[in-house]
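Reviewing the structure listed below.
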Amino acid sequence: MLLLSSLFAWLFAVAPAPPAPLVARPADVEFCQIFGAVYLERDPRYRPFCAFIAYEEPDEAFTDLNVFREENKLFADQQGLWFITPTREFADYVVFVTPTRGQADFSIHYTTARTFAGCRR
């Protein structure tokens with residue numbers, strides 16, 4: 001009986017789920033090349049799972065990337081054109097938005113003109 005119960009315990013043992021991997025920054029993608037569906041994460045607990053860290057600049061003069069918010073994901077096909085997704089599962093990139101400028105990889109400013117979107121470098 002002991003042998004049979006240990007055999008069942010071994011056969012039906014549930015292995016613990018592996019920890020969620022940290023999202024590594026894509027080596028071939030810079031922040032200027034981000035376009036498409038973007039999820040903006042604001043919860044500091046999920047910061048390690050984000051590919052980039054950005055600061056929302058209130059003034060356009062000191063920003064690294066001008067972002068135009070597209071209403072349709074299909075039109076977000078160039079640098080600086082972002083479709084902000086409400087869920088992280090549909091995003092091409094996950095960007096953590098930090099309240100501190102010194103912790104950010106780059107700064108963004110939302111522009112109202114599609115032609116001004118893009119990198120300022």
Side-chain angles (χ1 to χ4, degrees):
M1 186 69 164
L2 181 62
L3 183 61
L4 187 62
S5 64
S6 63
L7 178 65
F8 281 128
W10 180 74
L11 286 175
F12 299 109
V14 177
L22 298 178
V23 175
R25 176 176 297 165
D28 57 341
V29 177
E30 294 181 4
F31 68 86
C32 287
Q33 299 172 345
I34 297 176
F35 65 90
V38 178
Y39 178 73
L40 300 176
E41 181 64 62
R42 297 182 189 278
D43 191 352
R45 293 178 295 175
Y46 297 110
R47 180 179 177 178
F49 302 107
C50 299
F52 296 97
I53 301 172
Y55 174 73
E56 291 178 333
E57 186 72 46
D59 190 20
E60 185 180 356
F62 304 109
T63 188
D64 296 322
L65 180 66
N66 285 332
V67 174
F68 180 74
R69 293 183 185 203
E70 284 288 347
E71 297 295 323
N72 190 339
K73 182 180 177 179
L74 298 175
F75 295 132
D77 58 352
Q78 294 177 1
Q79 297 175 0
L81 302 179
W82 290 6
F83 173 73
I84 308 297
T85 63
T87 58
R88 142 186 228 113
E89 288 79 20
F90 297 118
D92 298 327
Y93 298 99
V94 179
V95 177
F96 177 74
V97 179
T98 182
T100 309
R101 183 184 308 185
Q103 297 176 347
D105 298 328
F106 62 97
S107 61
I108 59 174
H109 176 74
Y110 299 107
T111 182
T112 57
R114 191 174 202 268
T115 57
F116 293 144
C119 199
R120 294 191 45 145
R121 288 187 186 186

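Please read all numbers here as calculations on a predicted model, not as lab measurements.
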Quiz item: Can you name the residues that form a side chain to side chain donor-acceptor pair (under 3.5 Å) with Asp92, not counting sequence neighbours?
Solution: none

Quiz prompt | Over all atoms of both residues, closest heavy-atom pair of His109 and Glu57 | solution = ND1-O, 3.1 Å

Exercise. Mind telling me whether Phe106 and Phe52 have parallel, tilted or perpendicular rings, with 30° and 60° as the class edges?
Key: perpendicular

Quiz item: Under a single-linkage definition using a 4.5 Å side-chain heavy-atom cutoff for Ile, Leu, Val, Met, Phe, Trp and Tyr, are Ile84 and Ile34 assigned to the same hydrophobic cluster?
Solution: yes

Quiz prompt | Any side-chain heavy-atom pair of Phe49 and Glu41 under 4.5 Å | solution = no

Practice problem: Compare every heavy atom of Phe90 with every heavy atom of Ala37, then report the nearest pair and how far apart it is. | Solution: CB-O, 3.5 Å

Quiz item: Counting only N and O atoms by type, is there a donor-acceptor contact under 3.5 Å from the side chain of Ser107 to the main-chain atoms of Asp64?
Solution: yes

Practice problem: Among residues two or more places apart or on two chains, list those pairs meeting disulfide bond (SG atoms under 2.5 Å apart) that have a residue in residues 84-121. | Solution: Cys32-Cys119

Practice problem: Kindly compute the distance separating CD (Glu70) from CG (Asp77), expressed to the nearest 0.5 Å. | Solution: 7.5 Å

Exercise. Report the C-alpha separation of Ile108 and Trp82 in whole Å, then their side-chain angles, then the decisive distance to 0.1 Å, and conclude whether the side-chain contact (heavy atoms from CB on, under 4.5 Å) test is met.
Key: CA-CA 11 Å; Ile108 59 174; Trp82 290 6; 4.0 Å; yes

Practice problem: Report yes if some heavy atom in the side chain of Arg47 is under 4.5 Å from a heavy atom in the side chain of Gln103; otherwise report no. | Solution: yes

Quiz item: When rounded to the nearest 0.5 angstrom, what distance separates CZ in Phe75 from CZ in Arg114?
Solution: 8.0 Å

Quiz item: Which heavy atom of Ala104 sits nearest a heavy atom of Ala54, and at what distance?
Solution: CB-C, 3.9 Å

Quiz item: Considering the options Thr100, Thr98, Val95, which one meets the side chain to side chain contact (heavy atoms under 4.5 Å, CB included) requirement together with Ile53?
Solution: Thr98

Quiz item: Is there a chain of hydrophobic side chains (I, L, V, M, F, W, Y, each step under 4.5 Å between heavy atoms) that links Phe83 to Leu40?
Solution: no

Quiz prompt | Cluster check Tyr93, Phe31: I/L/V/M/F/W/Y, side chain < 4.5 angstrom | solution = yes

Quiz item: Say you draw a straight line from CG of Asn72 to CG of Leu81; how long is it, rounded to the nearest 0.5 Å?
Solution: 12.0 Å

Quiz item: Same cluster or not: are Tyr110 and Leu65 linked, directly or through other Ile, Leu, Val, Met, Phe, Trp or Tyr residues, by side-chain heavy atoms under 4.5 angstrom apart?
Solution: yes

